[in-house]
Amino acid sequence: LLLSSCISGIQMLSVQPDTKPKGCAGCNRKIKDRYLLKALDKYWHEDCLKCACCDCRLGEVGSTLYTKANLILCRRDYLRLFGVTGNCAACSKLIPAFEMVMRAKDNVYHLDCFACQLCNQRFCVGDKFFLKNNMILCQTDYEEGLMKEGYAPQVR
């Protein structure tokens, strides 16, 4: 049996005073607040649209929610429960599905592991890095490796 999953948008709407109050899909009471949420083609009190795992208010944590197995979830809990985990290409340890990662081609890395594998220099946004023989290298180590192999690096 396959469980289908869905990503749905959350809209915050202003309740118009001249319209008939809408019923909340969470508590079944009329929504008399100033604002309501619309998600999954239903209307919700801001307090009623919550993650089934952590109880966070989904209207506050973003504009999307995730549903699977009749659960309404925030992104973090959806990934924790149903996301794909993988191994870091540098340290080979497990990377949880909800953790931020760095990618280089098909390789995935923990943020802390994304560094030159020869000198351990961490990369900042905008730094050049090179992937050679499945190793991440800084520009200096990459060019030194080319010199040892008898190649001259091409400067562009």
Side-chain angles (χ1 to χ4, degrees), residues 1-14 25-26 33-156:
L1 177 67
L2 283 174
L3 294 173
S4 64
S5 61
C6 168
I7 300 173
S8 179
I10 302 172
Q11 294 176 288
M12 180 174 276
L13 304 172
S14 210
D33 303 347
R34 189 172 173 196
Y35 296 99
L36 59 81
L37 298 175
K38 184 177 181 185
L40 303 171
D41 292 324
K42 298 175 183 170
Y43 297 97
W44 308 78
H45 288 105
E46 290 179 82
D47 287 337
C48 292
L49 187 58
K50 297 185 293 190
C51 174
C53 284
C54 70
D55 269 349
C56 71
R57 290 171 38 156
L58 293 170
E60 289 179 357
V61 297
S63 59
T64 56
L65 61 81
Y66 296 75
T67 59
K68 188 164 182 169
N70 292 326
L71 296 171
I72 295 175
L73 302 165
C74 67
R75 181 178 188 275
R76 181 179 171 92
D77 283 324
Y78 175 81
L79 290 174
R80 187 173 58 78
L81 293 171
F82 302 109
V84 178
T85 59
N87 289 9
C88 175
C91 72
S92 300
K93 291 181 183 167
L94 190 69
I95 302 174
F98 59 84
E99 192 171 302
M100 297 282 285
V101 296
M102 294 297 290
R103 294 180 187 274
K105 293 199 176 182
D106 294 332
N107 295 342
V108 182
Y109 303 86
H110 293 106
L111 290 181
D112 289 340
C113 294
F114 195 70
C116 178
Q117 290 176 300
L118 291 180
C119 71
N120 292 322
Q121 173 191 326
R122 299 275 311 271
F123 297 105
C124 297
V125 175
D127 286 350
K128 279 188 182 178
F129 70 89
F130 298 84
L131 195 60
K132 183 166 171 97
N133 298 331
N134 239 11
M135 284 179 57
I136 303 171
L137 301 172
C138 66
Q139 188 164 1
T140 303
D141 287 328
Y142 175 74
E143 289 175 356
E144 282 179 12
L146 288 180
M147 294 300 211
K148 287 177 186 169
E149 292 172 10
Y151 299 102
Q154 292 183 346
V155 179
R156 292 184 181 173

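All figures in this text were calculated on a predicted structure; none of them were measured in a lab.
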Quick check: closest heavy atoms across [X] and [Y], and the distance to 0.1 Å?
X    : Y   : answer
I10  : L58 : CD1-O, 3.5 Å
L37  : H45 : CD1-O, 4.3 Å
N107 : A89 : CB-CB, 3.8 Å
C53  : D77 : CB-OD2, 3.3 Å
D55  : K50 : O-CD, 3.7 Å
Y109 : I95 : C-CD1, 3.9 Å

Nearest 0.5 Å, what's the [atom1]-[atom2] distance between [X] and [Y]?
X    : Y    : atom1 : atom2 : answer
E143 : C138 : CD    : SG    : 9.0 Å
Q117 : D141 : CD    : CG    : 11.0 Å
K128 : T140 : NZ    : OG1   : 11.5 Å
M102 : C88  : CE    : SG    : 11.5 Å
E99  : H110 : CD    : NE2   : 5.0 Å
D33  : S14  : CG    : OG    : 11.5 Å

Test side chain to side chain contact (heavy atoms under 4.5 Å, CB included) on Y66 and C74; report intermediate values, then the result.
CA-CA 6 Å; Y66 296 75; C74 67; over 6 Å; no

Does the side chain of [Y] come within less than 4.5 Å of [X]'s, by heavy atoms?
X    : Y    : result
K68  : L71  : no
L73  : L65  : no
D112 : R122 : yes
L118 : M135 : yes

Please work out whether the ring planes of F129 and F123 are parallel, tilted or perpendicular, with thresholds of 30° and 60°.
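Tilted, since the angle between the ring planes falls between 30° and 60°.
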
Could you tell me whether D41 atom CG has more than 12 heavy atoms of other residues or ligands within 6.0 Å of it?
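Open.
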
Counting only heavy atoms not in R75 (residues, nucleotides, ligands), do more than 12 fall under 6.0 Å from its CZ?
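No, CZ of R75 has 12 or fewer neighbouring heavy atoms, counting only those of other groups under 6.0 Å.
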
I'd like to know if the side chain of W44 reaches the main chain of G26, judged simply by a donor and an acceptor atom lying under 3.5 Å from each other, with no hydrogens or angles considered.
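Such a contact is absent between W44 side chain and G26 backbone.
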
Would you say D127's side chain and C124's backbone share a donor-acceptor pair under 3.5 angstrom?
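Judged by distance alone, yes, a pair lies under 3.5 Å.
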
